[in-house]
Amino acid sequence: MLDKIYTLVEKKYFTSGDFNGLTLLELIKDTGFAKDVALAEIRVGVETDLLTIEHMGNPHIKLFARVNKEEMLGFLDESMGEKPFCMYPHPEKLKSAAAAETYREPPFAYELAKGAGQLDFRAFDLSILEFYRNDPRYHYETNSIQGRICVTDEYFESEFMPEHDQVLLQSFGFAYDKELNRYVGVVLRYLNKLSPEHQRIWAAKQVKKDDIWLHPEYFAKSFQGSWGTKLSIFDAFVQELDQINQMCDRIGKPKLFRESYCQERIRGFEFLLRPTKSELEDFVHLLDKMMSDNISKDFFRGDLELERDVTRKTDGKIVVEPKGTIQLLEEWLRKFYRSAESEDSVEILIKTFRKIRKLRQEPAHRIGLDMFDQAIFKEQRALIIEAYNAVRILRLIFGLHPDVNANPPKISDWLRDGKIWDI
């Protein structure tokens, strides 16, 4: 009797098309067993490592490979078949299942065929994402916590792109080890939707380490039904720029920043995919364009002189030259803002603006070989944290203006309270 049940469970697992489980109703219909008899046999199957059951979330897919026998038996005893559940072959049985071998070629389908859970995740080197990010036929989107990949409309079901390349990765997240080295994390359910060719590409970039964990925000959204707990630091950065511009409107002045970049995500404004000196330099260049280069001199018109007299070194003549945006920002803040704190907040933020400008200028004065170093990930992370803190301080200063204080722009709780993910 139990052998017959197992045969039906295994058949459903391999013929359903999605490694689905067999319900109690399906079992009773196919065998004619009485409900109490079927439940008794299922219990024996769980006890003897023949079967596992799923009853949480969507029971029609096996969530995780790890099974808790006592929890499953407790559920069977308590529910007595009155609550929905599905049966699956035990992973130990699947190790020798002949049907599993038909899935051997696609690596992640094979893992599911051998009993892995659909929500078990695998980690990969970040460079796997470059394949899609750099190919204009794909739409690659990420907020540095999670992302998705799909074929653009132009190439979907197009004769100009092979069918096996027309892939969709519904969701991916980022993952870390204890040293905060960064990886891509994808659950097997989504990996299994890739074509066999792309599954093999991903498998070649897989990182097999035991101490890798998913980004807490991605984990909460994917497995705990969370709507989110914090902002990505990159989203927070552009929202700070937007807040400052809205405050300028309250003060009755032109926008301080030409663009807030809130409407469309900027390519490259994210954590690096490859820890190279050239990628970091490209990021610094972009960051400076969003900060110093983004400042509009119209904001200072009427409050400050926009030019200065400079003595020319070659002949001693005095020439007039425009002031830089960082100098203007510092002069304006020094003129109109006085901190009540002992810490000089203006000095802190201006120092950061100047640091990023200097880092951008350095590559222009040297020619050197590129360099690959995992430490570059951490260098970039430290830099974006420093840049975010600078624009946040600037927003807090503008928020003290009487006209802003009387009519503050709407701000999210996360941004106001500094609830930011910096990994």
Side-chain angles (χ1 to χ4, degrees), residues 143-145 230-251 253-271 280 282-300 324-337 339 341 343-360 379-401 403-405 408-423:
N143 64 357
S144 289
I145 293 174
K230 300 180 185 179
L231 280 172
S232 154
I233 194 168
F234 297 97
D235 288 340
F237 183 94
V238 297
Q239 288 185 30
E240 293 286 8
L241 300 185
D242 188 60
Q243 281 285 311
I244 292 168
N245 279 348
Q246 290 186 57
M247 290 176 177
C248 293
D249 183 63
R250 302 296 197 275
I251 297 171
K253 293 187 65 63
K255 293 177 181 178
L256 177 63
F257 295 106
R258 294 189 183 92
E259 299 287 342
S260 66
Y261 304 102
C262 272
Q263 300 304 315
E264 187 173 345
R265 195 171 297 280
I266 307 172
R267 180 180 172 87
F269 191 55
E270 59 193 45
F271 284 120
L280 180 61
D282 288 345
F283 176 78
V284 170
H285 184 90
L286 175 61
L287 188 59
D288 187 59
K289 287 179 68 175
M290 297 173 69
M291 295 176 71
S292 303
D293 274 3
N294 195 24
I295 293 175
S296 170
K297 290 186 178 181
D298 289 341
F299 174 85
F300 307 105
T325 55
I326 301 176
Q327 180 183 351
L328 288 169
L329 179 61
E330 181 176 21
E331 286 184 11
W332 191 88
L333 290 171
R334 296 290 186 199
K335 181 176 181 179
F336 293 104
Y337 171 73
S339 174
E341 306 293 331
E343 188 176 49
D344 190 344
S345 53
V346 173
E347 177 66 23
I348 292 171
L349 75 89
I350 293 297
K351 183 178 179 181
T352 299
F353 272 75
R354 287 202 169 109
K355 174 182 177 178
I356 292 168
R357 167 52 57 89
K358 183 179 179 181
L359 287 172
R360 176 184 175 181
E379 187 177 344
Q380 186 215 14
R381 176 173 175 263
L383 189 63
I384 186 58
I385 291 173
E386 194 171 346
Y388 164 71
N389 285 336
V391 295
R392 176 175 168 79
I393 290 171
L394 188 57
R395 189 258 298 170
L396 292 172
I397 289 174
F398 271 67
L400 295 173
H401 191 283
D403 293 338
V404 176
N405 197 35
K410 186 177 180 180
I411 184 172
S412 74
D413 293 343
W414 292 343
L415 194 67
R416 183 194 63 229
D417 299 336
K419 292 183 178 179
I420 308 301
W421 286 113
D422 59 17
I423 58 173

Q) side chain to side chain donor-acceptor pair (under 3.5 Å) with His285: which residues, sequence neighbours excluded? A) Arg360
Side-chain heavy-atom pair [X], [Y] within 4.5 angstrom cut-off:
X	Y	value
Arg265	Asp235	yes
Leu328	Ile295	no
Thr352	Asn389	no

Return the [atom1] to [atom2] distance between [X] and [Y], rounded to the nearest 0.5 Å.
X	Y	atom1	atom2	value
Ser232	Ile384	OG	CD1	8.5 Å
Asn143	Trp421	CG	CH2	12.5 Å
Gln380	Glu270	CD	CD	8.5 Å
Leu280	Leu383	CG	CG	7.0 Å
Lys289	Ile356	NZ	CD1	15.0 Å
Arg258	Asn294	CZ	CG	7.0 Å

Q: Please identify each residue that fulfils salt bridge (charged side-chain N to carboxylate O under 4.0 Å, His left out) with Lys335, with sequence neighbours left out.
A: none
Q: Only counting residues at least two apart or in another chain, list the ones meeting salt bridge (charged side-chain N to carboxylate O under 4.0 Å, His left out) with Glu259.
A: none
Residue list, side-chain contact (heavy atoms from CB on, under 4.5 Å) with [X], at least two apart or on another chain:
X	answer
Asn245	Lys255, Leu256, Phe257, Ser260
Leu396	Arg392
Asp282	none
Arg334	Glu330, Asp344, Val346, Glu347

ring-ring contact (aromatic ring centres under 6.0 Å, His included) with [X]: which residues, sequence neighbours excluded?
X	result
Phe269	Phe234, Phe237
Phe398	Phe299, Trp332
Tyr261	none
Trp414	none

Can you name the nearest heavy-atom pair linking [X] to [Y], along with the distance?
X	Y	result
Leu349	Ala390	CB-O, 3.8 Å
Ser292	Thr325	O-OG1, 2.9 Å
Ala236	Leu415	O-CD1, 3.7 Å
Leu286	Gly268	CD2-C, 3.7 Å
Ile326	Phe353	CD1-O, 3.6 Å
Met290	Leu241	O-CD1, 3.9 Å

Tell me whether [X] contacts the main-chain N or O of [Y] through its side chain, where contact means a donor paired with an acceptor under 3.5 Å.
X	Y	value
Asp288	Val284	no
Ser144	Phe271	yes
Asn405	Leu400	no

(Q) With a 4.0 Å cut-off on N to O distance, would you call Arg357 and Asp293 a salt bridge? (A) yes
Q. Is the closest basic N to carboxylate O distance between Asp403 and Arg250 below 4.0 Å?
A. no
Q. Are there more than 12 heavy atoms of other residues, nucleotides or ligands under 6.0 Å from atom NZ of Lys351?
A. no
Q.
Counting only heavy atoms from other residues, nucleotides and ligands, does the tally under 6.0 Å from NZ of Lys297 exceed 12?
A. yes
Q) Got a sec, which pairs hit salt bridge (charged side-chain N to carboxylate O under 4.0 Å, His left out) with one end in residues 414-423, sequence neighbours left out? A) Arg381-Asp422, Asp413-Arg416
Q.
Regarding Gln243 and Gln239, do their side chains bring together a donor and an acceptor under 3.5 Å, going by distance alone?
A. no
